[in-house]
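What follows is a short report on a single structure.
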2 protein chains.
Amino acid sequence: MTLSTSDRSLVEPVVRRLSALRPLSTEARALLEYAMLEGLQRAGAGEDLISEGDPVDSVRIVLSGWLCRYKTLEDGRRQIVNFIFPGESCDAHAFLLSVMDHSIATLTPAIYAEIKRARFESLVAGDRSLADAFLCETLINTAIQREWAINLGRRIALERVAHLFCEIFERLRPVGMIDGNSCIMPITQMDLADATGLSVVHLNRTVQELRASGLIVLRDRTLTINDLGALKDAALFSPSYLQLYRRS
Amino acid sequence: MTLSTSDRSLVEPVVRRLSALRPLSTEARALLEYAMLEGLQRAGAGEDLISEGDPVDSVRIVLSGWLCRYKTLEDGRRQIVNFIFPGESCDAHAFLLSVMDHSIATLTPAIYAEIKRARFESLVAGDRSLADAFLCETLINTAIQREWAINLGRRIALERVAHLFCEIFERLRPVGMIDGNSCIMPITQMDLADATGLSVVHLNRTVQELRASGLIVLRDRTLTINDLGALKDAALFSPSYLQLYRRS
DNA sequence: CGAGCTTTTGAGGTGCGTCAAACTATGTGG
DNA sequence: CCACATAGTTTGACGCACCTCAAAAGCTCG
């Protein structure tokens with residue numbers, strides 16, 4: 001079970017991210033990498049991987065592409081409640097509940113690993129750090145949901161969009177997807193609107209306002225933030241909820 | 001370590017709720033009850049039990065009273081991101097992260113049990129169902145956070161307040177705090193405003209609108225919902241995210 | 001009975017939504 | 001390589017849901 005170089009680079013973000021949450025033994029890493037590579041899947045943009053109401057019987061781990069969790073109301077209103085970036089898993093413990101309370105969809109073409117419940121459970125049963133790392137991930141996810149609540153409930157449009165850009169930046173950084181002061185922005189303004197609880201029209205005007213004030217450059221599917229500190233100030237952004245730094 | 005009748009009735013909501021998530025052995029229940037009664041605490045209304053930035057080294061389980069999780073912005077804007085009702089615990093796994101990303105405060109006088117981390121960990125290490133029950137609780141908490149995101153992002157004020165009332169009702173029911181079609185509403189309109197992302201003034205007008213349409217009666221700190229189905233329709237409320245029914 | 005909350009009412013402003021249409025990519029087939 | 005279709009972005013006009021400020025009225029409790 002040796003892995004090729006290209007395989008390694010594919011699963012690298014996952015291992016890098018989990019290791020930042022909890023130090024992982026060489027053994028645990030190898031087993032996880034192997035399990036991921038056995039369950040590789042591809043999906044196009046805009047596909048539902050799993051829908052609200054579906055039973056859950058596997059864990060998905062994103063290797064490339066952007067995904068989102070979303071919920072809809074009967075009349076079609078949609079709210080993206082979180083993003084899922086490369087290196088992140090889709091609820092390692094979701095199968096403890098009966099059915100999904102939300103849907104998960106790709107926003108771009110994506111590659112992910114699907115690990116069956118039994119396989120995953122034996123994996124984490126065999127290594128405490130691995131189990132803790134996945135649990136940490138779930139807890140951070142909840143912390144992000146809380147931050148989104150104050151974002152949607154108490155920040156005005158400009159702060160809200162700025163905050164989302166800051167969060168995206170800080171979540172992409174640990175998996176090596178920030179290039180200087182830029183990252184790709186592969187999703188539509190419609191998606192950004194659904195993530196910030198705004199209409200597309202107003203989201204667009206808010207983006208233009210951020211552009212006009214020089215805080216961001218957004219074009220050719222690339223987001224550039226020249227002065228991240230200034231953007232964070234405008235967003236009232238405080239990154240502690242992301243738990244980016246190793247706890248003692 | 002036999003327990004008196006009054007002790008039992010105090011911890012009863014907790015055991016009832018956890019048992020609904022996972023069947024618990026008599027042994028596990030007894031150990032948990034004993035641990036809770038050893039760490040009983042009281043707090044007045046409006047006290048912070050733990051604040052954003054604090055390290056976590058114990059688990060709190062609410063026996064009576066209403067609590068909330070909240071976050072604030074530098075300029076004082078506050079968002080209540082979730083309620084904590086009797087029978088619910090405050091993040092059984094929070095100590096895996098370095099510090100709190102939010103604060104927890106009492107909204108009414110409260111009684112809770114505080115169990116030190118080591119004690120709690122040995123408790124759940126000794127019983128798989130107990131560990132799973134607490135994990136389920138954490139997962140449901142996350143699902144509630146997601147529902148709050150769509151509530152804050154995509155529901156209009158009337159739907160939003162109606163939805164909150166429906167959720168409160170459905171969360172109080174399993175711990176026996178619904179009396180016919182009424183429950184106590186011990187918190188201020190200011191708190192309700194901070195939970196729904198509205199101003200107090202507009203929250204008040206929205207409550208009056210709900211009253212005028214006959215959907216609720218709210219007076220003397222008591223909320224009465226004569227036609228819960230109608231209120232749920234008005235709120236676009238679908239309870240599946242609360243995972244109230246035992247999974248197979 | 002008065003002090004301090006909490007709820008309610010009024011007036012006026014604005015941030016954001018809706019509707020509609022123009023403009024600009026992006027992609028596909030001929 | 002162009003013609004066309006489709007998706008995404010941008011602009012304008014207009015309305016309203018919700019906000020802010022201010023003050024009155026009703027509770028609660030020492």
Side-chain angles (χ1 to χ4, degrees), chain A residues 44-47 66 73 75-80 105-109 151-164 184-213 216-223 234, chain B residues 44-47 66 73 75-80 106-109 150-164 184-213 216-223 234:
Chain A
E47 286 180 24
W66 289 25
L73 299 179
D75 61 5
R77 277 174 279 176
R78 177 174 83 139
Q79 177 69 41
I80 291 179
T106 54
L107 294 172
T108 71
N151 207 31
L152 293 165
R154 289 300 186 210
R155 283 193 184 87
I156 63 170
L158 191 87
E159 296 164 344
R160 220 183 281 182
V161 176
H163 189 277
L164 183 64
I184 57 162
M185 179 54 59
I187 64 178
T188 66
Q189 294 195 357
M190 182 72 205
D191 295 326
L192 290 171
D194 281 345
T196 49
L198 300 170
S199 66
V200 203
V201 171
H202 198 68
L203 176 102
N204 178 272
R205 293 192 162 117
T206 306
V207 165
Q208 289 178 54
E209 204 180 332
L210 283 169
R211 273 200 277 249
S213 64
I216 65 162
V217 178
L218 178 56
R219 60 157 209 267
D220 305 331
R221 314 259 100 176
T222 301
L223 171 68
Chain B
E47 286 180 24
W66 289 25
L73 298 179
D75 61 5
R77 279 174 276 176
R78 177 175 82 139
Q79 177 69 42
I80 292 179
T106 53
L107 296 173
T108 71
I150 188 168
N151 208 31
L152 293 165
R154 289 302 187 207
R155 283 194 184 85
I156 63 169
L158 190 87
E159 297 163 345
R160 220 184 281 182
V161 177
H163 189 279
L164 183 63
I184 55 162
M185 179 56 57
I187 63 178
T188 66
Q189 294 194 359
M190 182 72 203
D191 295 326
L192 290 171
D194 281 345
T196 49
L198 300 170
S199 67
V200 203
V201 170
H202 198 67
L203 176 102
N204 178 271
R205 293 191 163 119
T206 305
V207 165
Q208 288 179 54
E209 205 181 331
L210 283 168
R211 274 201 274 250
S213 63
I216 65 162
V217 178
L218 179 56
R219 58 157 210 266
D220 304 331
R221 313 260 104 176
T222 301
L223 171 67

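The shown structure was predicted, so the numbers you read here are calculated from the model rather than taken from an experiment. Chain letters run A, B, ... following the sequence lines, proteins first, then strands; residues in each count from 1.
A donor-acceptor pair is defined here as one N or O able to donate and one able to accept, closer than 3.5 Å; such a pair exists between the side chain of A/Gln79 and the backbone of A/Asp194. The main-chain N or O of A/Arg77 is never found under 3.5 Å from a side-chain atom of B/Arg154 such that the two would form a donor-acceptor pair.
Nearest-nucleotide mapping onto DNA chain C: of A/Arg155 and B/Ile187, the residue sitting toward the 5' end is B/Ile187. Of the two residues near DNA chain D, B/Val200 and A/Val207, the one whose nearest nucleotide lies more 5' is A/Val207.
With D/dT10, D/dC19, D/dA22 as the candidates, the nucleotide lying closest to the side chain of B/Val201 is D/dA22. Taking only side-chain atoms of A/Gln208, from C-beta outward, the nucleotide of C/dT8, D/dT11, D/dC19 with the closest atom is D/dT11. When distances are taken from the side chain of B/Ser199 to each of D/dC19, C/dG17, C/dA20, the shortest belongs to D/dC19. In the set C/dT6, C/dA11, C/dT18, C/dA11 carries the atom at the smallest distance from any side-chain atom of B/Arg205.
When rounded to the nearest whole Å, the span between CG of A/Leu210 and C1' of D/dT10 equals 16 Å. Counting to the nearest Å, the C1' atom of D/dT9 and the CG atom of A/Leu218 are 11 Å from each other. If you take NE2 of A/His202 and P of D/dG15, they are 19 Å apart, rounded to a whole angstrom. Between the C1' atom of C/dT8 and the CD atom of B/Glu209 lies a distance of 15 Å, rounded to the nearest Å. Per the geometry, CG belonging to A/Leu198 stands 15 Å off C1' belonging to D/dA17, to the nearest Å. A straight line from CG of A/Asp220 to P of C/dA25 spans 9 Å, rounded to a whole angstrom. The CZ atom of B/Arg211 sits 13 Å away from the C1' atom of C/dT9 (whole-angstrom rounding). Distance A/Asp75 CG to C/dG17 P: 15 Å, rounded to the nearest Å.
If you run side-chain contact (heavy atoms from CB on, under 4.5 Å) between A/Leu203 and each of A/Met190, A/Arg160, A/Gln189, only A/Gln189 comes through.
One distance of note links CD1 of A/Ile187 with OG1 of A/Thr106; it measures 12.0 Å at 0.5 Å rounding.
Backbone-only engagement by B/Gly197 is indicated by non-hydrogen atom pairs under 4.0 Å involving sugar-phosphate atoms exclusively.
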Exercise. Would you check, one step at a time, whether the test side-chain contact (heavy atoms from CB on, under 4.5 Å) holds for A/Asp191 with A/Ile80?
Key: CA-CA 8 Å; A/Asp191 295 326; A/Ile80 291 179; 4.2 Å; yes

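Between D/dA7 and A/Gln189, no contact under 4.0 Å exists linking OP1 or OP2 to a side-chain N or O. The shortest distance between the side-chain N/O atoms of B/Asn204 and the OP1/OP2 oxygens of C/dT7 is not below 4.0 Å. Distances shorter than 4.0 Å separate some side-chain N or O of B/Arg221 from OP1 or OP2 on C/dT7.
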